[in-house]
Amino acid sequence: SIKMTLKDYQILNREAWQKFAKEYKEPAEKAWKSGDANWGIWSIPEIKLELLPNDLKGKKCIEIGCGAGYVSSWMARRGAEVVGIDPTPNQLETARLLEKQYKLGIEFVEGFGEKLPFPDSCFDFAISEYGASLWANPYEWIPEAARVLKQGSQLIFMTNHAFAICCVPDEEDENAPISEQLQRPYLGLFKNKWEFSSDEIEFHLPHGEWVKLLRDNGFIIERLLELGASPESRSRYPWADVEWASKWPTEEVWCVRLSSKSTIT
């Protein structure tokens, strides 16, 4: 595997997720069992978002920051040959146990999105749902995703919407409801450590910075989904507020495609 010197945030994030992993075991078991993809904090069904190609037969797919691997399981059920990569041993243990149970042929690899241990141009599709998209430095993981994808291949990633991040109150109570007042600057949004957190560090960018970063790495932006809640939405996250999310987006999904190398200017 690739030797890398870990950054402070990578060590902190891995330690935090080693602890969080047990809380994610049960949701992961449900998601693996169902096979019906649903996304994000509001469990929006795939039929509404269409993030995954229906037929992935013969396609090599990667989930970057796979956690307990349920997104990988949804791709495998669509016929894909899937690799999930994550830096957290406890999350991977859950993923491997579930793979053993369902036998979908998914390979789980321990590693970081900023340094993928795979050759250039070897994947047909890449996805990150609150994985590398939130916990890895975008200026490192986006170039890596571009490197391992074949020309014309898609990258989909889902994370918190910048609006939501600007409105989350930084209080002792991590379940404090999201505020209708801005709590932090939008410009300069990048590396965020919540006061209430167990030292983990998240990464967010303003949309203009995402556009520049993606284009600089040869990606064509096909869709940007800005997702809120509908009145019947429910979430297992106490801070997720249906009323707030009926007015402003809580999540964003970038759907981008690697252009043919010759067209990059």
Side-chain angles (χ1 to χ4, degrees), residues 1-7 9-10 13-14 17 37 51-53 55-88 91-92 95-96 99 104-159 203 205 209-223 253-264:
S1 68
I2 294 176
K3 288 277 172 278
M4 63 184 284
T5 308
L6 296 186
K7 309 254 178 17
Y9 77 85
Q10 292 174 314
N13 285 352
R14 184 166 62 186
W17 275 98
L51 301 187
L52 295 175
D55 183 9
L56 286 168
K57 278 185 193 64
K59 301 287 185 205
K60 281 194 73 171
C61 300
I62 182 169
E63 184 184 1
I64 309 173
C66 64
Y70 54 87
V71 175
S72 290
S73 79
W74 298 335
M75 293 192 288
R77 285 202 164 102
R78 285 168 162 72
E81 184 186 324
V82 185
V83 176
I85 184 165
D86 198 274
T88 312
Q91 285 276 73
L92 290 171
R96 289 179 179 131
E99 162 55 34
L104 299 176
I106 304 165
E107 182 191 353
F108 289 107
V109 174
E110 189 180 323
F112 288 86
E114 295 92 332
K115 199 104 177 164
L116 297 171
F118 308 108
D120 296 0
S121 310
C122 65
F123 290 103
D124 301 292
F125 184 78
I127 193 163
S128 183
E129 186 226 28
Y130 289 104
S133 55
L134 178 57
W135 306 99
N137 182 338
Y139 293 99
E140 294 184 27
W141 84 263
I142 290 289
E144 273 294 89
R147 181 184 67 76
V148 301
L149 279 171
K150 296 175 187 170
Q151 288 182 22
S153 295
Q154 225 184 2
L155 164 67
I156 305 280
F157 62 95
M158 179 179 216
T159 187
F203 291 90
L205 292 177
E209 297 299 320
W210 271 125
V211 170
K212 182 181 188 316
L213 174 60
L214 290 163
R215 285 178 57 90
D216 285 352
N217 283 281
F219 286 107
I220 296 159
I221 296 161
E222 296 186 323
R223 291 192 291 164
V253 185
W254 293 81
C255 305
V256 303
R257 193 176 293 276
L258 195 61
S259 64
S260 310
K261 299 284 188 280
S262 57
T263 61
I264 300 171

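Given the structure is predicted, the values throughout are model-derived calculations rather than measurements.
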What's the verdict on salt bridge (Lys or Arg N to Asp or Glu O under 4.0 Å) for E144 and R147, showing C-alpha distance, side-chain angles and the deciding distance?
CA-CA 5 Å; E144 273 294 89; R147 181 184 67 76; 2.7 Å; yes
When every non-hydrogen atom of R96 is compared with those of F108, the smallest separation belongs to NH2-O, 2.8 Å
Can you name the side-chain contact (heavy atoms from CB on, under 4.5 Å) partners of K212, sequence neighbours left out?
D216
Aromatic rings W210 and F157: how do their planes relate, parallel, tilted or perpendicular, breaks at 30° and 60°?
tilted
Tell me every residue that passes ring-ring contact (aromatic ring centres under 6.0 Å, His included) with F123, counting only those two or more places apart in sequence or in another chain.
F118
Considering only heavy atoms from C-beta outward, does the side chain of V83 approach that of C66 to under 4.5 Å?
no
side-chain contact (heavy atoms from CB on, under 4.5 Å) partners of A68, counting only residues at least two apart
A28, Q91, T94
Kindly give the heavy-atom pair with the smallest separation between A95 and G69, and that separation in Å.
CB-N, 4.2 Å
Can you tell me how far CG of L52 sits from CZ of R77, rounded to the nearest 0.5 angstrom?
12.5 Å
For a quick test of reading the model, state the closest non-hydrogen atom pair linking T159 to S133 and the distance between them.
OG1-O, 3.6 Å
Begin with the C-alpha distance, continue with both residues' side-chain angles, and end with the deciding distance and a verdict on side-chain contact (heavy atoms from CB on, under 4.5 Å) for F125 and I156.
CA-CA 8 Å; F125 184 78; I156 305 280; 3.7 Å; yes
Please name the pair of heavy atoms, one in L213 and one in P138, separated by the smallest distance, quoted to 0.1 Å.
CD2-O, 3.5 Å
F203: which residues meet the ring-ring contact (aromatic ring centres under 6.0 Å, His included) condition with it, sequence neighbours left out?
Y9, F190
By side chain to side chain donor-acceptor pair (under 3.5 Å), which residues pair with T88, not counting sequence neighbours?
D86
Indicate the atoms forming the closest heavy-atom contact of V82 with A76, along with that distance.
CG2-N, 3.6 Å
Sequence neighbours left out, what passes side chain to side chain donor-acceptor pair (under 3.5 Å) with R223? Give chain and number order.
none
If only atom types and distance count, is the side chain of N137 paired as donor or acceptor with the main-chain N or O of Y139 below 3.5 Å?
yes
Applying side-chain contact (heavy atoms from CB on, under 4.5 Å), name anything that partners V211, two or more places apart in sequence or on another chain.
R215, I221, W254
Side-chain donor/acceptor of S259 to backbone N/O of I220, under 3.5 Å:
no
Residues passing the side-chain contact (heavy atoms from CB on, under 4.5 Å) test with A126, sequence neighbours excluded, are I62, I64, L149, L155
Using the side chain to side chain donor-acceptor pair (under 3.5 Å) criterion, which residues pair with E81? Sequence neighbours excluded.
none
If the condition is salt bridge (Lys or Arg N to Asp or Glu O under 4.0 Å), which residues does E140 pass it with, not counting sequence neighbours?
K7
Checking ring pair (Phe, Tyr, Trp, His ring centres under 6.0 Å) against W135, which of F112, Y130, W17 comes through?
W17
For the side chain of N217 and the backbone of A146, is there at least one donor-acceptor N/O pair under 3.5 Å apart?
no
Just jot down the side chain to side chain donor-acceptor pair (under 3.5 Å) partners of E222, sequence neighbours excluded, or say none.
Q154, R257
How close do M158 and V253 get, heavy atom to heavy atom, and via which atoms?
CG-CG2, 3.9 Å
Using the side chain to side chain donor-acceptor pair (under 3.5 Å) rule, collect all pairs that involve residues 59-74, keeping only residues at least two apart or in two chains.
E63-S72, Y70-E129
Donor-acceptor pair, Q151 side chain versus L258 backbone, under 3.5 Å?
no
Is any side-chain heavy atom of V109 closer than 4.5 Å to a side-chain heavy atom of L116?
no
Reported CE-to-CD distance for the pair M4 and E114, which is rounded to 0.5 angstrom:
5.5 Å
